[in-house]
2 protein chains.
Amino acid sequence: MLEPGDIYFREGESSPRLAYIKEGLIRSYHVNEKGMETTVLLRWEEQIVASYDSILMQRPSRFTYHALEKTTLLEVNYDLIQQLLETKPEFEKARYHFVLDMLAQSLERIESFVLLTPEERYLQLIKDKPDLLQRVSDKHLATLLGITPVSLSRIRKRIAGKHPR
Amino acid sequence: MLEPGDIYFREGESSPRLAYIKEGLIRSYHVNEKGMETTVLLRWEEQIVASYDSILMQRPSRFTYHALEKTTLLEVNYDLIQQLLETKPEFEKARYHFVLDMLAQSLERIESFVLLTPEERYLQLIKDKPDLLQRVSDKHLATLLGITPVSLSRIRKRIAGKHPR
DNA sequence: GAGCGGCGTTAACAAAAGATAATTAACGCG
DNA sequence: CGCGTTAATTATCTTTTGTTAACGCCGCTC
């Protein structure tokens, strides 16, 4: 159970935590040398959240994960899952499914960077997950799209001009 | 076995083919309405190549996959793998490992789009996989990085100015 | 209700990238 | 050897984005 602003996973940490998000929204971000924050990932209800640095790469997390909303998590220890799988191989399929699902999402996001302009990327985002507009501030969305908040504001204006209400 | 230029998987196709690349290089690309080609993915020796549209999303591939070099493939039918797993669950781990590995690579690539400038992205690419410079034309690399060939040429020039050999 | 901080917008300028076209170099082929 | 093709570079111009700073708005706190 997290309140808005609570940190789930801190940069530099290295522990095999993993959780299913029952309700709420987690944001993963990175802070560069100049102190600028960049949103790297958003994870919401019915998704899995974990530090992939820790779990996939066996290294300390380069990102901090914190809640943007009141968030309910079902937390499990990844090492326990591994052990569980030794005895109950039937869970293997579920684990595989989750990873496959996340891979599919990741590949779609890569495509959006390669094939679309920032403006198209924004339009796709609000089409795919319109509630994010209400739930996440523009500056977080902007960096998630790989642009600056100022640029996102201009894009919004351009779009408004094209589709007058 | 593929010769340079040979197509492994055609856009619109939908079959559960999957192959381990023993040697060589496969490029996946997309052609937009204006006839412009964009490189979406490169896969090389010791990696797995498959149409993720077909395998992950159960839909026709939006991309064409073709060999850039003489390429040796060990091809398997994905449906056969699924059946094999029914009887030999010990392969499950291997399959999971491959997907996890590809997920890790995908997440790294997403990061590079969110956190790096095109120039930094290019520098990272030639650092991580320098032989690609010899093996893949600049225009293919450019679109892989999400920029145009003209822009990549300018980036190269900028870099040369900064590090006069 | 005055002060404060964060956010989105806007402005002004600089830097980078896109679009298009011309030039050059390299290569294969008849 | 000349021809055609393609890739990379360069030039020019336009568009977009980044950067920095200012402004107004809103919610919060004291």
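All of these numbers come straight from a predicted model, not from anything done at the bench. The chains referred to below are lettered A, B, ... by the order of the sequence lines, with proteins before strands, and numbering in each begins at 1.
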Plane angle bin for A:F63 and A:H30 - parallel if under 30°, tilted between 30 and 60°, otherwise perpendicular: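 The rings of A:H30 and A:F63 stand perpendicular, inter-plane angle above 60°.
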
Between [N] ([atom2]) and [X] ([atom1]): distance, integer Å:
X      : N      : atom1 : atom2 : value
A:M36  : C:dG6  : CE    : C1'   : 14 Å
A:L116 : C:dA17 : CG    : C1'   : 17 Å
A:I159 : C:dG8  : CD1   : C1'   : 15 Å
A:E37  : C:dG6  : CD    : P     : 12 Å
A:F113 : C:dA17 : CZ    : C1'   : 17 Å
B:E119 : D:dG18 : CD    : P     : 15 Å
A:E120 : C:dG18 : CD    : C1'   : 13 Å
A:L68  : C:dG6  : CG    : P     : 16 Å

Compare the minimum distances between each of C:dA17, C:dT9, D:dT17 and the side chain of A:I155, then state the nucleotide with the smallest one.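 Of the options given, the side chain of A:I155 lies nearest D:dT17.
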
OP1 or OP2 of D:dT9 sitting under 4.0 Å from any side-chain N/O of B:R158?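 Answer is no, no contact under 4.0 Å.
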
Check whether any side-chain N or O of B:R156 sits under 4.0 Å from OP1 or OP2 of D:dT9, and answer yes or no.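 Yes, B:R156 has a side-chain N/O under 4.0 Å of OP1/OP2 on D:dT9.
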
For the residue pair [Y] / [X], report whether a side-chain donor-acceptor contact shorter than 3.5 Å exists.
X      : Y      : answer
B:T143 : B:T39  : yes
B:R156 : B:Y122 : yes
A:E75  : A:Y8   : yes

Would A:F9 and A:H66 count as a ring-ring contact (aromatic ring centres under 6.0 Å, His included) if you check the C-alpha gap in whole Å, the side-chain angles of each, and the deciding distance to 0.1 Å? CA-CA 7 Å; A:F9 206 94; A:H66 76 323; over 10 Å; no

Salt-bridge test for A:E11 and A:R62: reply yes if a basic N is under 4.0 Å from a carboxylate O, no otherwise.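 Result for this pair is no, no salt bridge flagged.
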
Does B:E37 come within less than 4.0 Å of B:R27, counting only side-chain N to carboxylate O?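 Judged by the 4.0 Å cut-off on N to carboxylate O distance, B:E37 and B:R27 do form a salt bridge.
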
Can a donor-acceptor pair be found, under 3.5 Å and without considering hydrogens, that links the side chain of B:T71 to the backbone of B:A67?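 Flag not set: sc B:T71 to bb B:A67 has no pair under 3.5 Å.
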
Can you sort out which residues in residues 129-153 of chain B have a heavy atom within less than 4.0 Å of DNA chain C? Ascending by number, please.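 Here the set is B:G146, B:I147, B:T148, B:V150, B:S151.
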
Check against salt bridge (Lys or Arg N to Asp or Glu O under 4.0 Å), B:K129 and B:E45: CA-CA 12 Å; B:K129 188 75 181 158; B:E45 50 281 348; 3.7 Å; yes

Considering the options B:T148, B:L145, B:I155, which one meets the side-chain contact (heavy atoms from CB on, under 4.5 Å) requirement together with B:P118?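 The option that passes is B:I155.
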
Take the C1' atoms of the five end pairs on each side of the helix from C:dG1-D:dC30 to C:dG30-D:dC1, get both axes, and report the angle to 10 degrees.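 Angle reported: 30°, given to the nearest ten degrees.
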
Within 45 degrees of the ring normal and closer than 6.0 Å to the centroid, is that where the cationic atom of A:R95 sits relative to B:Y96?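 Verdict for B:Y96: a cation-pi partner in A:R95.
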
For B:S61 against B:S51, the heavy-atom pair lying closest together: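 Between these two residues, the closest heavy atoms are CB-OG, 3.4 Å.
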
Contacts under 3.5 Å, N or O only, protein and nucleotides 25-30 of chain C:
none

Using a heavy-atom cut-off of 4.0 Å across all strands, would you classify A:R154 as base, sugar-phosphate, or nothing?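 Base, at least one base atom sits under 4.0 Å.
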
